[in-house]
Each structure stands twice: as structure tokens, then as C-alpha cells.
Amino acid sequence: MLEFTALLAVGVASGALNAVGGGGTFVALPALVAAGLPAVTANAASTVALLPGALASAWAYRKDVVQVGTTSRAALTATSLFGSALGAGLLLVLPSESFRVAVPWLLAFATVVLAFGRGISRMLSTAIGHPIDLSARSVLIGQFVLAAYGGYFGGAVGILTLAFWSVGLGLDPAKGNPTRIVQLAAIYGTAAALFLVASDVRSYPVPVLAVLLGAIGGGFAGARLARRLPARVVRGIVLTTAVAMTVLYFLRG
């Protein structure tokens, strides 16, 4: 009972963190490993458990979703679905150790881009004489790569997505956050479906259910809270989360 309650709290924190700025996987994954799940299974289980929370957040954000550049929302979501399927398939057939070595560096890159992305975008725009504005094709290619990463290892995919949109399109992280959570739900959805069918996630129903239930409440409440926060505060939460996760993963490495 104590373990279930602790994992329930982990789910609340993970769902809320995903809703506000990203990084819920980095709370859920270590907790599931500590609960006795093998590392790769815990990775898959965290995706399954956090999906309902992402869907709850997407529902709460539904009126605030914006278009990413000139790319249609339908095309962006379809790309996230297909990219996630590829990444989830790779997780099921390939060892994950080599990819995990790269995670701290990916996080560090995302943190730098989030912190200085808009300034970098302005500097590059000044240097080339016109604003940076990625084409719809370029956005979809980048989104496919990010979705594949998210399907394989979901940690920080939302932060990387905001970083990509910030530099490539000058999109403010706070304004893009609702769209990020919708794409996160699409990525989690495809990956979770594959993991439920082809992995051993179903062998650990109690810890997965505990995180899942907590993430629903945390995801909805976090999204409602984020919608009321000033854009500056949301940007600060996103950046603080990114910095904390980067430091923690370098320390773990």
C-alpha cells in the first residue's frame, strides 16, 4: 500500500511536470525502476502510464493550441504518430544503453537552446537579413526525428520540441506549450499501444496503474495551472526543469 501511494504521488508530479513544461519521464522512470521493473520495461511503462495524463492536459489546453509555422496541425500530429512508432519499434529490438549515453548531452543542448534560442534566432535573422522561418517540410522532418526519439526514450522530448520550434520558428515556449502537450500525447499514444502489445509492461500492472492514475490528475491540474500563469513564469519553469534534469543526468553518468 505504501509503495502504491508513493507511486501515485510520483504520477501526480510527473503529469503536472509534463503539463507545465516537460520532464515527467525523469520522475516516473527512476521510480518505476526502484519499484522493481527492469530498465527498458520501466522506460516503456512510464510512457504507458503518462499517456492518460498527457491526454488530460491536452484536453485542458485544447483552446490554446497554436499552429507551428505554416505546418498544419493534422500533418504535425500525423508525423508525431509515425515517428513515435519507429522509435518505439527500435526500443523493442535494440539495446538502449548506447542511446542513454547521449541523453545528458541532448538535454544540455536543449537547455542551451531554450535559454538562448530566441536570442540566437534574432542574431541569425540579423546576420542573414531576414527572419528564420523553417518551411513546413523542414518542420515535419524535425518533428519526425523528435517523435522517433520520444518513442524510443521519452525523456525531454517536449523540451527538445520547444527548443526546435523556438530556434527554427521563433515560437515563444509559453505560447507553444499547449501544442507541445498535444504532440506529446500523440507520441505517447503510438508508443504506448506498441508497448502494451509487444513488451512485458502488462506484467507489472500495479506500479503502472499507480503512476497512471496519479498522472491523470496531475496532468489536468498542471495544465489548468499553467494556463493561468504568466508567460514569463511558464518559461522559467520550463528552463528550470531543463537545467535540473541536465545536471542530474550528468551526475548519474
Side-chain angles (χ1 to χ4, degrees), residues 14 18 21-26 28-29 39-51 53-55 57-58 68-69 71-114 117 134-169 171 176-177 179-199 201 242 245-246 249:
S14 300
N18 268 345
T25 297
F26 292 96
L29 177 58
V40 173
T41 303
N43 190 20
S46 68
T47 298
V48 173
L50 294 180
L51 170 61
L55 292 173
S57 297
V68 178
T71 309
S72 72
R73 298 176 190 175
L76 194 70
T77 302
T79 300
S80 293
L81 292 171
F82 285 114
S84 176
L86 173 63
L90 290 174
L91 179 66
L92 294 173
V93 299
L94 297 176
S96 60
E97 291 304 318
S98 59
F99 195 78
R100 289 182 184 177
V101 171
V103 169
W105 298 100
L106 289 170
L107 287 173
F109 170 74
T111 301
V112 170
V113 172
L114 275 175
L134 292 178
S135 66
R137 175 182 290 185
S138 298
V139 170
L140 291 177
I141 291 172
Q143 190 66 28
F144 184 86
V145 173
L146 288 168
Y149 163 82
Y152 187 90
F153 182 76
V157 63
I159 291 174
L160 289 168
T161 298
L162 283 178
F164 173 57
W165 294 346
S166 176
V167 171
L169 298 166
L171 183 63
N177 196 46
T179 308
R180 172 196 67 82
I181 197 67
V182 170
Q183 297 308 311
L184 183 67
I187 291 169
Y188 279 178
T190 303
L194 287 175
F195 294 152
L196 284 171
V197 172
S199 76
V201 168
M245 288 190 302
T246 300
Y249 263 71

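From a predicted model like this one, the values you see are computed outputs, not experimental measurements.
The line from CG of L171 to CG of L162 is 7.5 Å long, rounded to the nearest 0.5 Å. Here S138 contributes atom OG and L169 contributes atom CG; the two are 9.5 Å apart, rounded to the nearest 0.5 Å. Between T161 atom OG1 and L76 atom CG the span is 8.5 Å, to the nearest 0.5 Å. Separation of atoms OG (S84) and OH (Y149) is listed at 12.5 Å; rounding is to 0.5 Å. Rounding to the nearest 0.5 Å gives a distance of 8.0 Å between OG of S46 and CZ of F195.
Across every non-hydrogen atom of A148 and L86, the tightest pair is CB-CD2, 4.4 Å. When all heavy atoms of L50 and A28 are compared, the closest pair comes out as CD1-CB, 4.2 Å. The two residues Y152 and N43 come nearest to each other via the heavy atoms O-ND2, 3.1 Å. Smallest separation of non-hydrogen atoms from F144 and F82: CE1-C, 3.9 Å. Across every non-hydrogen atom of A185 and L55, the tightest pair is CB-CD2, 3.9 Å. Contact record, A42 with L29: C-CD1, 3.5 Å, taken as the closest heavy-atom pair.
At a threshold of 4.5 Å between non-hydrogen side-chain atoms, the residues S199 and L92 count as touching. Inter-residue side-chain proximity for Q143 and W165 is flagged as met; some heavy-atom pair is nearer than 4.5 Å. Under the 4.5 Å side-chain criterion, counting only non-hydrogen atoms from C-beta, V68 is not in contact with R73.
Partner of I181 under the side chain to side chain contact (heavy atoms under 4.5 Å, CB included) criterion, out of N177, L184, T179: L184 alone.
Sorted by first and then second residue, the side chain to side chain donor-acceptor pair (under 3.5 Å) pairs with a member in residues 185-195 read T25-Y188; sequence neighbours excluded.
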